[in-house]
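If you read the sequence from its start, that first residue is 1, and numbering goes on from there.
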Amino acid sequence: MLTQEGRFRLRRAATSVAAVLLLAPFGGCAPGAKPAANAARAQAAPAVPAGDLMSSQDRTRLEALAAARANGPSDDGYRIGPDDLLDIRIPDVLDGQGAGLLNRPAPGTPGPVAVAAAPAAQGLRVSDRGDITLPFIGQVHAEGLTGTELEAEIARRLVKEGILRQPRVSVQIVEYRSRVVAVIGSVERPGLYPLTRPRATLADMIWAAGGPAKEAGRVVEFAPAADSAPSRAAEAAPASAPIRVDVELLLHAPVDHGQGINARVRPGDVITVSPAGSVLVDGWVQKPGSYPVTRGLTLSGAIAAAGGDMFASDRHHAAVKRTLGPGEERSFTVDLEAVREGRAPDVPITDGDVVRVPASTIRVVPYGAYTLLKGLVYVGGSVPLF
């Protein structure tokens, strides 16, 4: 005779197999999209690469912005701006205290002056109007000039005022405060970086910050400066909405001088490397749940982290649901058998993805019979059946 515990275990095993058999025509007991529905959805969706992490809107906005900046004027160096700190050396004019000129010749008779001390330097902060003030020549407008151009302008003023005939001027930028790009998030050295390199791009600035950190994900959020040239796609989207870029595509983009998706940067741009985040793996896997995303994580790796797929799973229709931006989602199916055999590429996984492994109608029936038999053997092994 079966004990009460044995009858309970047998009843539970029978209930499990009955549920499996009843739900087999619907693709299994696990919640998720049915293979037929996934196939119909994949046919209705636009033909885009399954592993693409960028929405069509973001790609259009970025390509338009990159084209506009590539066709615009190219800076040949860092341009001085307000709040920058300059180190200016004029050996023939400035002494150690900045008192300056000794034995100045009469106006209109340019010539060298006596040097009272060793060549000295003075630190000057550019005003909010873009000006600096120097002894003997007064205000000089420095905003928008490179260091070399400011040297030439100061030398011209010295000659014009009759102070020196062949002035030697040296300008060094000690602190960069105005023309900077913010690189923040999951990078090795987040902070503000000056645009000292002509035609610097998004990838250049990320590498200047040390590259993505260990906990970085696959998405870079790029917020262009407010004065960037607008495009039709950008006008349709909120002005404050950042552009989501695939970091792997960005860092491996060819050197195209800021065209394509590797756009040139401008002062005021903000580049945010998002953290890896997590992925939800559900359906017919051994351990459904949420798992952290690491760089380079693929669909096969996410399923392996969940203990692998079960016998009753449909490995030909693994579904991935991905949010690409506000109001834009993408769902697609992946043939894991084709990936395992090398006939199809594995799909990268990013933060927020939802992976569902559905049940196979053909395999769920023998799996249910196996579950029932396993329950009977377990009950028979622990409790006498007769």
*Electrostatic pair Asp353:Arg218 at N-O distance under 4.0 angstrom*: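 Salt bridge absent between Asp353 and Arg218.
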*In plain terms, say whether Arg129 and Glu143 are close enough for a salt bridge, that is, a side-chain N and a carboxylate O under 4.0 Å apart.*
no
Same cluster (ILVMFWY, side-chain, under 4.5 Å), [X] and [Y]:
X	Y	result
Leu299	Leu280	no
Val354	Val285	no
Trp207	Val219	no

In Å, rounded to the nearest 0.5 Å, how long is the span from [atom1] of [X] to [atom2] of [Y]?
X	Y	atom1	atom2	value
Ile271	Ile206	CD1	CD1	5.5 Å
Ile132	Arg125	CD1	CZ	12.5 Å
Ile243	Phe222	CD1	CZ	6.0 Å

*Show your reasoning for whether salt bridge (charged side-chain N to carboxylate O under 4.0 Å, His left out) applies to Glu337 and Arg343.*
CA-CA 9 Å; Glu337 288 294 335; Arg343 294 183 287 107; over 6 Å; no
Would you say that [X] contacts [Y] through its side chain, given a criterion of any heavy-atom pair below 4.5 Å between the two side chains?
X	Y	value
Pro167	Ile154	no
Met54	Arg244	no
Glu153	Val171	no
Asn262	Leu250	yes
Ser300	Leu336	yes
Leu86	Val126	yes
Leu195	Arg79	no
Leu134	Leu124	yes

*Locate the shortest heavy-atom distance separating Val355 from Ile349; write the atom from each residue and the value.*
CG2-CD1, 4.2 Å
Between [X] (side chain only) and [Y] (backbone N and O only), is there a donor and an acceptor less than 3.5 Å apart?
X	Y	value
Arg189	Ala208	yes
Asp314	Ala359	no
Tyr291	Ala302	no

*asked:* My understanding is that only residues two or more places apart in sequence, or in another chain, count here; which of them pass side-chain hydrogen bond (donor to acceptor under 3.5 Å, both in side chains) with Asp351?
replied: none
_Residue from Ile163, Val169, Ile137 passing side-chain contact (heavy atoms from CB on, under 4.5 Å) with Arg157_ = Ile137
*When Val140 is tested against each of Asp131, Leu150, Ile88, Leu145 for side-chain contact (heavy atoms from CB on, under 4.5 Å), which residue passes?*
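Considering Asp131, Leu150, Ile88, Leu145, a side-chain contact (heavy atoms from CB on, under 4.5 Å) with Val140 is found only for Leu150.
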_Applying side chain to side chain contact (heavy atoms under 4.5 Å, CB included), can you list everything that pairs with Gln172, at least two apart in sequence or on another chain?_
Asp87, Ser170
*How about Gln166: does its CD atom have over 12 heavy atoms from other parts shown lying under 6.0 Å from it?*
no
